[in-house]
2 protein chains.
Amino acid sequence: MTHSQQDQELHAVTLEQPTLAAACDAIADGIDREALVTVFGRCTVEYDGRASSTLDAGDRHVMLKPDGAALVHTDEGQQPVNWQPPGCDHEVFCERRDADADRSDAAETAGGTATETETETETETTETLTLESVRSTPGERLLVRFRNVLQVSAFSGTDETELALSGTEEDLRQRLLDEPDLLEPGFTPLATERDTAAGAIDIYGEDDAGRTVVVELKRRRVGPDAVSQLRRYVDALGRDLHADATVRGILVAPSVTDRAKRLLTEHGLEFISLEPTAA
Amino acid sequence: MTHSQQDQELHAVTLEQPTLAAACDAIADGIDREALVTVFGRCTVEYDGRASSTLDAGDRHVMLKPDGAALVHTDEGQQPVNWQPPGCDHEVFCERRDADADRSDAAETAGGTATETETETETETTETLTLESVRSTPGERLLVRFRNVLQVSAFSGTDETELALSGTEEDLRQRLLDEPDLLEPGFTPLATERDTAAGAIDIYGEDDAGRTVVVELKRRRVGPDAVSQLRRYVDALGRDLHADATVRGILVAPSVTDRAKRLLTEHGLEFISLEPTAA
DNA sequence: GGATTAATTTCGCCG
DNA sequence: CGGCGAAGTTAATCC
């Protein structure tokens, strides 16, 4: 438990307004030490892998995690504008680079007089700091190129705790298994995750008349997709069992949309309103 | 265009090892100035809203965005361990708080001698820095309580750019519309997003024999859910049109899983392999 | 590693 | 604001 405790000791190293070379060293050191590294500054971003994307120059916050994840955040949105999943190798390097290569904010100079001769034809070279995160299976690559870095930080710490979450579909399942009458009086659960040719049924059981019941659980209000899912299981189970067997399909969720309600009716399926947690 | 340019000028303010009071002031100031604020330190996290969760003390990186988003990141994973969507109000305050309230790392003291009398019964009060992000519709609240703050930063900048992304389902749709023969010779697209009682069809058209065709597009390998979706649209369209109309359903994707293939066959649906981008 | 499905999914579009 | 479906979804679980 105490091995490499020094590496995980809580501390943070920060550089403000560093030169690109100094930023590069600090980032490389942070990656080596398996710290959580953040970089803030003006950058462009390129991604290529499952899809492809480019992002022109803007001010963004980049986070490199020791597990290989990379996150590029703008000042808006919960989701990063670009990212890389855990399992990547992070690299950082400085290079002299032709400034014309990413002239992303040069377009704003429109409307000038025709006599303007300020078209910059000389090849300005600028130093650039590049972050590269690569993984395979599937092969994908993220490139973040900074021309200005305002801050670099490397954070170390420990987090051995696990999130305790309630209100999930699993909670709803337990609630129904603990009190099957919540579905309807006489319902008897026989199996969970029962496999069919179309996938696994959440709860498989029978009603008080001995009819087979397929229960599909959703932790929140459901739409047409959940109805299709239930229908798929009912169909498959009907095929798996004797052809003449009656199979009831019951969707359990807090509520359904109108369209879902209609689809349920069309296919002879039922709905029971129930939430993951009581009260 | 130049209004409040000073507010958006690129800069970063950082405090290292601040007192909780100083951290509180800096965070409050950053929120006021609509900066992107980050806090690193040891904290506990509570969430209550669409679900509920608690997280014991650990070292984490918290980001507060000016649009109201909040992100709590550990050193692992692409996803934040806790978060709040855009649209929240961020608040920060310091308070003296009973240390027993969250004694989350006191459990590690096991294995001591039986004569230990160090059980801290005196009520230690500790100053605590609390971040609170709240929104309504749906009502949900995130609480992050720090007992130590190692760093606070406030970042300002501009990002007017938009991500240019390719390899999406929209690309696949355009590819098929530009060259309908990629589906099959003689296919004629008639509409996109054609509405049915079960939802909108990606591409609606007819084959060279005049039969109605429903095309469902997926940018990547598909499983049973996509087959269900296609089936839903074919069923609905069959109901919408004359009862005797023949409706073909074609799934277009790079590939399908075995189970999906089986479901397609069972329901008389077809599959064409095609990727979002050529080559 | 692939398949399947949940998720505090998030996000965008549209009525 | 709610409904609906895509997403470079991510993440967990099972095989």
Side-chain angles (χ1 to χ4, degrees), chain A residues 47-53 69 71 76-86 135-142 163 165-173 193 195-196 198-202 216-226 228-229 232-233 255-261 276, chain B residues 47-53 69-72 76-87 135-142 163 165-173 193 195-196 198-202 216-226 229 232-233 255-261 276:
Chain A
Y47 163 76
D48 194 66
R50 288 170 289 173
S52 298
S53 74
L71 304 167
E76 288 185 341
Q78 171 177 345
Q79 296 303 126
V81 64
N82 275 115
W83 70 92
Q84 199 68 298
R135 75 159 179 170
S136 37
T137 356
E140 44 188 356
R141 193 173 74 121
L142 182 72
L163 185 74
L165 179 66
S166 69
T168 65
E169 181 179 303
E170 171 62 21
D171 291 320
L172 176 56
R173 179 161 67 113
E193 301 296 312
D195 209 46
T196 73
I201 296 171
D202 282 342
E216 174 62 30
L217 307 170
K218 294 295 172 188
R219 67 170 298 277
R220 59 177 212 175
R221 183 173 175 87
V222 296
D225 53 340
S228 289
Q229 198 179 344
R232 207 156 28 94
Y233 299 150
S255 60
V256 291
T257 66
D258 279 351
R259 182 130 54 180
K261 190 85 178 171
Chain B
Y47 163 76
D48 195 64
R50 289 169 289 173
S52 299
S53 73
L71 304 167
V72 182
E76 288 185 341
Q78 171 178 343
Q79 297 302 128
V81 63
N82 276 112
W83 71 92
Q84 200 69 297
R135 76 159 180 170
S136 37
T137 352
E140 44 187 355
R141 194 173 72 121
L142 182 72
L163 185 74
L165 180 66
S166 69
T168 66
E169 181 179 303
E170 171 62 21
D171 291 320
L172 177 56
R173 178 161 66 116
E193 300 296 311
D195 209 47
T196 72
I201 296 171
D202 282 340
E216 174 62 28
L217 307 170
K218 294 294 172 188
R219 66 171 297 277
R220 61 177 211 175
R221 183 174 177 85
V222 296
D225 52 341
Q229 197 178 345
R232 236 183 330 125
Y233 298 151
S255 59
V256 290
T257 66
D258 280 352
R259 192 174 280 177
K261 190 83 176 170

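Here is the naming used below: chain letters follow the sequence lines, and residue numbers restart at 1 for every chain. Hydrogens, waters and symmetry mates play no part in the numbers below; they use all other heavy atoms, side chains included.
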Looking across every strand, which nucleic acid part, if any, lies under 4.0 Å from [X] by heavy atom: base, sugar-phosphate, or nothing?
X: Ser53(A); result: nothing
X: Thr168(B); result: sugar-phosphate
X: Glu76(B); result: nothing

Rounded to whole Å, please give me the gap between [atom1] in [X] and [atom2] in [N].
X: Gln79(B); N: dC11(C); atom1: CD; atom2: C1'; answer: 13 Å
X: Glu216(B); N: dG5(D); atom1: CD; atom2: P; answer: 9 Å
X: Asp202(A); N: dA6(C); atom1: CG; atom2: C1'; answer: 10 Å
X: Glu140(A); N: dG8(D); atom1: CD; atom2: P; answer: 11 Å
X: Glu169(A); N: dA7(C); atom1: CD; atom2: C1'; answer: 10 Å
X: Asn82(A); N: dT9(D); atom1: CG; atom2: P; answer: 13 Å
X: Leu217(B); N: dG5(D); atom1: CG; atom2: P; answer: 14 Å
X: Leu163(A); N: dT8(C); atom1: CG; atom2: C1'; answer: 10 Å

In the structure I gave you, are the side-chain heavy atoms of [X] and [Y] within less than 4.5 Å of one another anywhere?
X: Leu71(B); Y: Leu71(A); result: no
X: Asp225(B); Y: Gln229(A); result: no
X: Pro138(B); Y: Arg220(A); result: no
X: Glu216(B); Y: Val222(B); result: no
X: Gln78(B); Y: Pro86(A); result: yes

Does [N] have OP1 or OP2 under 4.0 Å away from a side-chain N or O of [X]?
X: Gln78(A); N: dT10(C); value: yes
X: Arg50(A); N: dA7(D); value: no
X: Arg220(B); N: dT9(D); value: yes
X: Trp83(A); N: dT10(D); value: yes

Atom of Ala51(A), atom of Leu165(B) and distance for their closest heavy-atom approach
CB-CD1, 4.1 Å
Minimal heavy-atom distance between Ile201(A) and Tyr233(A), with the atoms involved, is CG1-CB, 3.9 Å
Report the distance from atom CD of Gln79(A) to atom CD of Gln79(B), rounding to the nearest 0.5 Å.
5.5 Å
Consider only side-chain N and O atoms of Arg221(A) and Ser255(A), and report whether a donor and an acceptor are under 3.5 Å apart.
yes
For Arg135(A), look at atom CZ and say whether over 12 heavy atoms of other residues, nucleotides or ligands are found less than 6.0 Å away.
yes
Can you establish whether the number of heavy atoms outside Arg259(B) located under 6.0 Å from its atom CZ is more than 12?
yes
dT8(C) and dT4(C), which share atom name P, separated by this distance in whole Å:
23 Å
Between dA11(D) and dA7(D) - C1' atom distance, rounded Å:
14 Å
Check: Asp225(B) side chain, dT5(C) base, donor-acceptor under 3.5 Å
no
Please state whether the base of dG8(D) and the side chain of Gln84(A) form at least one donor-acceptor pair under 3.5 Å?
yes
Contacts of Pro86(A) and Gly167(B) projected onto DNA chain D by closest heavy atom; the upstream (5') one is Gly167(B)
Closest listed nucleotide, where the reference is the side chain of Gln229(A) and the choices are dA6(C), dT9(C), dG8(D)
dA6(C)
Distances for protein N or O near nucleotides 12-15 of chain C N or O, under 3.5 Å:
none

5'-most contact on DNA chain C (nearest-nucleotide basis), Pro85(B) vs Glu170(A), goes to Glu170(A)
Could you go over nucleotides 2-4 of chain D and give all protein N or O partners under 3.5 Å, atom names and distances?
from: dG3(D); atom 1: OP1; to: Arg221(A); atom 2: NE; distance (Å): 2.8
from: dG3(D); atom 1: OP1; to: Arg221(A); atom 2: NH2; distance (Å): 2.3
from: dG3(D); atom 1: OP2; to: Arg221(A); atom 2: NE; distance (Å): 3.0
from: dC4(D); atom 1: OP1; to: Arg259(A); atom 2: NE; distance (Å): 3.0
from: dC4(D); atom 1: OP2; to: Thr257(A); atom 2: OG1; distance (Å): 2.6

